[in-house]
Amino acid sequence: MKVIKNLNEAKDSSSLVYGLFNEEQMVKINPEVDEYLSKLMLNDLISSDLGKVTTIHTFDKCQFNKIHIIGLGKRSEYDFDKQAEVFEKVSYKLDRKLTIDVASFAGDLNLEKTAFDLVTAINYNCYAFDQFKSKKQDTSISVNYLISEEYKEVIESAEKISQAIKNTRDLVNLPYNHLNAEKLANYAKELVKRFNSKKVNIKVYNKEEIERLGMNAFLAVNQGSKDEPYLIYIKYNGKDEISEPITLVGKGLTYDTGGYTLKSSMNTMKCDMAGAATVLGVLEAVLSNNLPINLNIVIAATDNRISGEAYLPDDIITAMNKKTIEVVSTDAEGRLTLADALTFAQQEGSKHIIDIATLTGAVVVALGNYTTGVFGNDQEMINRFLEASKKAGESAWQLPITNDIRKQVRSSKVADLTNSTGRNMGASSAAAFLEEFIEEGTKWIHLDIAGTAFDQNKSGGTGVMVKSVYNYLKSLV
Ligand code: BES
Ligand code: MG
Ligand code: ZN
């Protein structure tokens with residue numbers, strides 16, 4: 001990646017990429033080719049329809065072997081959604097060595113956001129999870145961003161965030177036999193070590209220590225596992241030692257079989273630690289960009305499976321905050337691990353929490369695979385988050401926690417709470433359950449990414465919400 005001020009600096013590049021509106025009569029690249037391209041345009045050989053890519057071979061008429069003209073449609077109708085569609089076309093598939101005229105893709109839209117979104121889109125498009133394939137798919141690319149000097153920092157920041165998203169995707173894609181709780185904890189340790197800063201510290205609690213903390217809901221989920229659970233706790237004092245931290249809690253189920261309430265189809269459930277991967281991705285983005293905030297990360301990591309030791313439906317467990325829970329379904333395990341993780345976060349002094357979890361199939365039914373479910377107890381915080389996600393170009397939608405569903409969560413005949421209510425409002429009932437572990441005075445939002453974190457038909461892990469949560473944190477600075 002290189003930021004360049006003019007095309008003379010692009011000697012190493014074989015392709016130029018340029019965005020063209022319907023209204024443009026002329027491509028303004030360089031006198032040698034402008035006339036040639038204008039003729040092609042006049043003869044309708046170059047299309048400016050939205051998303052259309054026309055590749056022109058220049059036959060040595062200019063320094064580039066190829067010019068890719070990407071149609072932007074009508075300038076007056078161009079918005080960030082259309083721009084995102086256009087950016088899907090920019091990848092190694094055009095060429096390995098691209099020079100991109102960034103301003104040509106902005107139109108009347110904000111150039112800074114255009115530059116940021118372009119960089120993250122290219123990195124997103126140039127991803128393959130191929131570390132276990134003998135024959136690798138080459139997705140490498142080298143890009144020159146042609147843009148004025150003042151946007152250099154934006155582009156560099158976008159590159160760092162892209163790297164964090166890539167790592168998030170890789171983590172989500174790792175299957176259980178390559179990523180159990182211990183390995184996830186080791187990954188977190190390595191990540192912290194890499195930044196080699198006194199401002200960031202990690203503590204990983206083992207089973208004995210988790211027992212001493214009284215995290216019995218978390219431990220119940222781990223009971224059937226052959227692997228020990230780990231509680232991952234990271235503190236970053238990017239601001240100072242005294243300000244209250246914001247805490248990100250990530251669901252860290254390295255595999256979810258459902259337990260004795262066995263899933264009839266459990267394929268892709270390696271993705272059940274996507275919340276954990278996301279909060280680690282946000283941490284990486286925060287550290288590499290030196291965001292001046294106090295940020296804590298909490299992950300209760302385990303898998304959920306069957307053995308002679310496994311917890312059973314009907315079990316009654318006492319969570320860390322002493323509330324008792326009737327286990328109606330061992331497959332509603334995420335909320336059990338999160339319950340104790342939320343209690344832990346608050347005991348550590350956090351009154352401002354975001355949890356991120358692949359929590360319910362119901363959120364997929366409600367919102368599908370491209371919209372994340374948002375819940376919370378503080379409308380101002382929710383609004384701020386929705387604004388941040390909009391800016392990130394990640395679709396998110398608020399769903400309610402109603403008194404009716406709260407009542408159902410409290411309707412167990414034998415314990416304070418039930419971990420599973422009926423079929424209706426499943427995403428809300430999970431959120432209402434989590435809310436039981438949020439203390440008076442704590443601001444909290446819950447992101448259900450069960451539908452959005454993993455795309456089976458594409459590259460698996462999506463890294464969804466890294467950008468949104470990062471934007472949210474940035475908005476607090
Ligand atoms: N990990 C699943 C949720 C999930 C579903 C993640 C689809 C990714 C894609 C979660 O632990 C689960 O099993 N939830 C149950 C809850 C139910 C038993 C109350 C569900 O949604 O069916
Ligand atoms: Mg489950
Ligand atoms: Zn799960």
Side-chain angles (χ1 to χ4, degrees), residues 172-173 175-176 179-181 184 217-218 220-225 229 249-278 299-306 310-315 325-341 355-373 375 399 405 408-409 411-412 417-434 436 446-457 460-462 464-465:
V172 172
N173 282 328
Y176 173 77
L179 191 82
N180 61 8
L184 183 62
F218 173 26
V221 176
N222 175 256
Q223 254 169 240
S225 178
V249 177
K251 174 173 172 181
L253 262 291
T254 51
Y255 204 86
D256 182 13
T257 68
Y260 275 101
T261 316
L262 195 63
K263 286 187 183 296
S264 54
S265 162
M266 66 188 73
N267 294 69
T268 77
M269 278 305 141
K270 67 174 184 179
C271 82
D272 216 17
M273 36 54 71
T278 308
I299 298 166
T302 177
D303 53 296
N304 178 30
R305 62 159 71 186
I306 288 167
Y311 78 141
L312 292 171
D314 297 349
D315 279 1
I325 305 163
E326 178 187 4
V327 177
V328 170
S329 167
T330 60
D331 197 13
E333 85 299 335
R335 65 197 75 184
L336 299 175
T337 63
L338 288 168
D340 283 349
D355 82 68
I356 308 171
T358 46
L359 205 58
T360 66
V363 83
V364 195
V365 176
L367 298 176
N369 291 115
Y370 301 101
T371 301
T372 292
F375 303 83
L399 294 171
I405 203 72
Q408 288 187 46
V409 165
S411 68
S412 167
L417 305 171
T418 168
N419 81 332
S420 172
T421 56
R423 255 169 53 85
N424 292 348
M425 250 186 141
S428 293
S429 105
F433 183 91
L434 296 181
E436 293 287 336
H446 156 60
L447 306 177
D448 195 336
I449 56 170
T452 49
F454 195 83
D455 190 339
Q456 219 181 330
N457 301 318
T462 62
V464 75
M465 291 296 126

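Counting starts at 1 for both ligands and their atoms, in listed order.
Only protein N, O or S atoms were considered, and those under 2.8 Å from the Zn ion (ligand 3) are K251 NZ, D256 OD2, D272 OD2, E333 OE2. Near the Mg ion (ligand 2), less than 2.8 Å away, sit the protein N, O or S atoms D256 OD2, D331 O, D331 OD1, E333 OE1.
The shortest side-chain heavy-atom distance between D455 and N369 does not fall under the 4.5 Å cut-off. Residues L434 and L359 have side chains in contact (heavy-atom distance under 4.5 Å, counting atoms from C-beta outward). In this structure the side chain of E333 reaches within 4.5 angstrom of the side chain of D272, judged on heavy atoms. Residues N173 and F454 form a side-chain contact, since some pair of their non-hydrogen atoms from C-beta on lies under 4.5 Å apart. Using a 4.5 Å cut-off on side-chain heavy atoms (C-beta onward), F375 and D355 make no contact. Here the side chains of R335 and S429 are in contact, with some heavy-atom distance below 4.5 Å. Contact check for T421 versus V409: side-chain heavy atoms found under the 4.5 Å cut-off.
Close N/O approach between D256 and ligand 1 is found [any backbone or side-chain N/O within under 3.5 Å]. Checked by distance only, ligand 1 and A450 stay at 3.5 Å or farther apart across all their nitrogen or oxygen atoms. At least one N or O atom of E333, backbone or side chain, sits closer than 3.5 Å to an N or O atom of ligand 1. Between S329 and ligand 1, no N or O atom pair is found at a separation short of 3.5 Å.
Scanning all protein heavy atoms for the shortest distance to atom 7 (C) of ligand 1 gives M269 CE, 3.6 Å. Considering only non-hydrogen protein atoms, atom 15 (C) of ligand 1 sits nearest to D331 O, 4.0 Å. For atom 21 (O) of ligand 1, the closest non-hydrogen atom of the protein is G361 N, 2.6 Å.
Numbered from 1 in the order shown, with element, the atoms of ligand 1 that lie under 4.0 Å from a heavy atom of K263 read 2 (C), 12 (C), 13 (O). Ligand-side atoms of ligand 1 in range of T358: 1 (N), 2 (C), 3 (C), 6 (C), range being under 4.0 angstrom from any heavy atom. Taking every non-hydrogen atom of L359 and a distance limit under 4.0 Å, the qualifying atoms of ligand 1 come out as 3 (C), 10 (C), 12 (C), 14 (N).
Of the candidates V364, T360, T358, D448 forms a side-chain contact (heavy atoms from CB on, under 4.5 Å) with just one, namely T360.
Distance check, rounded to the nearest 0.5 Å: CZ of F433 to CG of L338 gives 9.5 Å. Put simply, CG on N304 and CG on D256 are 5.0 Å apart, with the number rounded to the nearest 0.5 Å. In this structure, the separation between OG1 on T330 and CD on Q223 is 11.0 Å, given to the nearest 0.5 Å.
Between the side chain of T462 and the backbone N or O of T452, at least one donor-acceptor pair lies under 3.5 Å. In this structure, T337 contributes its side chain and A300 its backbone to no donor-acceptor pair below 3.5 Å. Checked by atom type and distance alone, the side chain of D303 never pairs as donor or acceptor with a backbone atom of A181 at under 3.5 Å. Side chain of R305 to backbone of Y255: no donor-acceptor contact under 3.5 angstrom is found.
Taking only non-hydrogen atoms, the option from Q456, R335, K251 nearest to atom 16 (C) of ligand 1 is R335. The residue among D272, T418, T261 with a heavy atom at the shortest distance from atom 1 (N) of ligand 1 is D272.
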